[in-house]
Amino acid sequence: MTPGLSLVVVAFAAPITSGPTGFWQVAPEHAAPPWLLTHRDRAVVLVHGLRIHPLRPKMAARPERHEWQFPKSALVRALAKDADVFAFSYAQTAPVDAIAHSAGLRQAIAELRTTGYKEIVLVGHSAGGVVARLFIESYPDAGVTKLVQVASPNTGSDLAAFVKTGYPRFQAPFIQSLAPAARFESFRKAKVLFSPKVEMVCVVCKVKRLESDFMVPIPSQWPDELQQQGIPAVLVSENHFEIMNSAEGVKQIASLACEKLTRWSPEQTEQARRVLFRDEFPAK
């Protein structure tokens with residue numbers, strides 16, 4: 001642990017199928033359990049995605065926060081202007097579907113709801129956005145009021161299917177659960193529409209001259225089935241690895257976390273396809 005960092009909620013022990021998880025309050029930084037008796041109306045929970053540890057592979061089996069989940073990060077500082085900020089972390093040893101059903105995540109959200117937050121916002125980057133979406137779809141009455149997905153492989157990433165080496169064997173179930181075939185099968189079985197009670201937006205990342213952010217293709221970040229439900233999208237010209245730290249990424253995410261989001265009409269969705277994304281989507 002970083003010296004001086006205030007850890008407010010130590011890891012919840014999730015079922016063995018999902019591995020250990022961790023939950024911390026990161027803003028206000030020096031809060032201590034139980035939760036603050038006086039707090040903001042809004043709680044924002046940051047959920048990370050994949051991290052490869054080529055030199056310390058065992059780290060992937062522990063709930064480890066990414067740098068943008070710490071109190072001094074630009075994202076946490078921006079979010080803290082309007083919300084109390086929390087970080088959820090998990091071992092990357094199980095499929096994203098199992099992590100979404102973990103006892104740790106259910107307990108974390110239940111604790112926030114019991115504390116009395118009027119809004120509970122999940123901000124999920126990459127695989128974290130898939131975990132957050134699966135959680136909301138599986139537990140529609142858990143109390144989450146908004147999801148901000150950032151560069152999330154809703155329909156998977158080909159890299160997860162093709163890359164078979166370079167990561168520890170125990171991380172394979174997590175990575176392979178992000179392959180297109182796995183994501184298709186998961187959503188085919190679920191057949192769940194995103195709850196109309198929950199606001200949602202897809203932050204779509206794009207690198208110039210590419211139809212992706214280096215990792216996730218644009219149609220996976222904002223898939224047809226979310227478009228058909230009127231889920232809005234925001235385009236940010238940034239790559240997959242920098243979006244949570246870049247000035248534009250932080251600005252957009254912090255704004256979306258606190259502003260009112262509404263579903264788009266079919267006309268608005270089609271206009272976004274033409275104006276924002278141009279040739280990234282084939283004409284309907």
Side-chain angles (χ1 to χ4, degrees), residues 11 13-22 46-66 69 88-106 122 124-139 147 149-192 194 202 204-205 210-226 239-241 243-244:
I16 191 169
T17 54
S18 61
T21 63
L46 304 176
V47 187
H48 66 75
L50 170 69
R51 172 177 280 184
I52 300 294
H53 288 280
L55 300 180
R56 297 185 300 165
K58 291 183 179 180
M59 293 295 292
R62 299 171 51 186
E64 180 193 21
R65 282 177 287 173
H66 292 205
Q69 291 178 296
F88 177 75
S89 184
Y90 51 87
Q92 298 176 35
T93 55
V96 290
D97 308 76
I99 296 166
H101 289 278
S102 68
L105 185 52
R106 296 198 309 272
L122 301 186
H125 174 242
S126 192
V130 177
V131 169
R133 176 185 172 183
L134 289 168
F135 175 83
I136 295 171
E137 291 177 336
S138 301
Y139 306 100
L147 168 59
Q149 270 197 340
V150 185
S152 294
N154 286 284
T155 59
S157 171
D158 288 335
L159 289 174
F162 296 146
V163 178
K164 303 294 185 181
T165 60
Y167 53 83
R169 183 179 300 175
F170 59 76
Q171 207 170 2
F174 178 80
I175 294 174
Q176 292 170 9
S177 73
L178 298 171
R183 300 305 338 125
F184 174 81
E185 183 65 15
S186 175
F187 287 121
R188 183 190 67 81
K189 288 181 178 179
K191 296 181 180 178
V192 176
F194 200 78
C202 296
V204 178
C205 299
L210 292 180
E211 296 180 7
S212 75
D213 60 0
F214 287 142
M215 294 292 289
V216 183
I218 287 176
S220 185
Q221 297 181 53
W222 190 43
D224 283 345
E225 47 93 12
L226 288 182
N239 69 65
H240 191 85
F241 310 101
I243 181 64
M244 305 305 282

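FYI, the numbering just counts along the sequence from 1.
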So, using side-chain contact (heavy atoms from CB on, under 4.5 Å) as the criterion, who are the partners of [X] when residues are at least two apart?
| X | value |
| --- | --- |
| Pro173 | Pro95 |
| Ala91 | Pro20, Thr93 |
| Phe241 | Phe214, Met215, Asn239 |

Nearest atoms (heavy-atom pairs only) where [X] meets [Y]:
| X | Y | result |
| --- | --- | --- |
| Pro63 | Thr21 | CB-C, 3.8 Å |
| Ala100 | Phe135 | O-CD1, 3.4 Å |
| Pro153 | Leu178 | CG-CD2, 4.2 Å |
| Asp213 | Ala151 | OD2-CB, 3.4 Å |
| Tyr139 | His101 | OH-ND1, 2.9 Å |

Mark yes or no for whether [X], through its side chain, and [Y], through its backbone, hold a donor-acceptor pair below 3.5 Å.
| X | Y | answer |
| --- | --- | --- |
| Ser220 | Thr155 | yes |
| Gln221 | Cys202 | no |
| Ser152 | Ser126 | yes |
| His125 | His240 | yes |

Item to check | Partners meeting salt bridge (Lys or Arg N to Asp or Glu O under 4.0 Å) with Arg183 (sequence neighbours left out) | outcome: Asp97
Enter the distance from [X]:[atom1] to [Y]:[atom2] here, rounded to the nearest 0.5 Å.
| X | Y | atom1 | atom2 | answer |
| --- | --- | --- | --- | --- |
| Arg62 | Ser89 | CZ | OG | 10.0 Å |
| Leu210 | Cys205 | CG | SG | 13.0 Å |
| Ile136 | Leu122 | CD1 | CG | 5.0 Å |
| Leu105 | Phe88 | CG | CZ | 4.5 Å |

Next on the checklist: Run Phe174 and Ile99 through side-chain contact (heavy atoms from CB on, under 4.5 Å) and show every step you take.
Outcome noted: CA-CA 9 Å; Phe174 178 80; Ile99 296 166; 3.7 Å; yes
Next on the checklist: My understanding is that only residues two or more places apart in sequence, or in another chain, count here; which of them pass side-chain hydrogen bond (donor to acceptor under 3.5 Å, both in side chains) with Glu64?
Outcome noted: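 Applying side-chain hydrogen bond (donor to acceptor under 3.5 Å, both in side chains) to Glu64 gives Arg51, His53.
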Checklist entry - Is the closest side-chain donor-acceptor distance between Glu225 and Asn154 under 3.5 Å? => result no
Checklist entry - Yes or no on side-chain contact (heavy atoms from CB on, under 4.5 Å) for Trp222 and Gln149, after CA distance, side-chain angles and deciding distance? => result CA-CA 9 Å; Trp222 190 43; Gln149 270 197 340; over 6 Å; no
Checklist entry - side-chain hydrogen bond (donor to acceptor under 3.5 Å, both in side chains): which pairs involve residues 162-174, sequence neighbours left out? => result Gln92-Gln171
Checklist entry - Should the ring pair His48 and Tyr90 be called parallel, tilted or perpendicular, given that the plane angle runs from 0 to 90° and is split at 30 and 60? => result parallel
Item to check | Steps toward side-chain contact (heavy atoms from CB on, under 4.5 Å) verdict (Leu134, Ser186) | outcome: CA-CA 10 Å; Leu134 289 168; Ser186 175; 4.2 Å; yes
